[in-house]
Amino acid sequence: MANDSHIVGFYTLTSTNLDNSDNGIKGYPRHIPAILIGRMGIDLRYQGQELSKTLLWNALTKIKAISQDTGVMVATIDLKNDSLANYYTQYGFKPLQNANRLIMSVEHLPS
């Protein structure tokens with residue numbers, strides 16, 4: 001996300017897979033193809049303007065589009081701290097057994 005001459009916000013997407021060998025996520029294969037939202041940030045001058053929500057929706061929309069052409073089954077995000085869990089769960093992310101990792105099925109991603 002840019003504003004004329006500088007970057008206002010950014011995120012990274014990385015292809016990964018989740019180990020489901022313990023069958024902790026019912027109905028999914030042993031290795032779950034996923035896209036990790038690795039980093040997300042907003043320039044300090046633009047914080048407090050709900051741009052993180054815009055970035056998140058943009059990332060999820062891209063992941064949904066990627067899933068149409070690949071075997072990606074979930075979007076995932078790793079949390080730096082517990083306080084971020086409430087933010088992401090309000091948008092539909094669900095925690096795994098590892099409390100610092102959240103996932104969302106591509107079926108629930110925005111188009």
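These numbers were taken from a predicted model, which means no experiment stands behind them. Index from 1, following the sequence. Note that these values count all heavy atoms, side chains included, but never hydrogens, waters or copies made by symmetry.
The distance from the CG atom of Asn58 to the CG atom of Leu51 is 12.0 Å, given to the nearest 0.5 Å. Rounding to the nearest 0.5 Å gives a distance of 6.0 Å between CG of Leu55 and CE of Met40.
Here the side chain of Asn81 pairs a donor or acceptor atom with the backbone of Leu84 at under 3.5 angstrom. The backbone N or O of Arg39 lies less than 3.5 Å from a partner atom in the side chain of Thr12, making a donor-acceptor pair. No donor-acceptor pair closer than 3.5 Å links the side chain of Thr76 to the backbone N or O of Leu36. At least one donor-acceptor pair closer than 3.5 Å links the side chain of Asn20 to the backbone N or O of Pro29.
Within a 6.0 Å radius of NZ in Lys64, other residues, nucleotides and ligands contribute more than 12 heavy atoms. Around the CD atom of Glu50, the shell of radius 6.0 Å holds no more than 12 heavy atoms that belong to other residues, nucleotides or ligands.
Using cut-offs of 30° and 60° on the angle between ring planes, the pair His6 and Tyr46 is tilted.
The closest side-chain heavy-atom distance from Ile7 to Asp43 is not below 4.5 Å. Between Leu56 and Ile37, some side-chain heavy-atom pair lies under the 4.5 Å cut-off.
Tested against Arg101 for a side chain to side chain contact (heavy atoms under 4.5 Å, CB included), the candidates Ile77, Leu96, Leu79 yield a single pass: Leu96.
If you check the side chains of Tyr91 and His108, you find no donor sitting under 3.5 Å from an acceptor.
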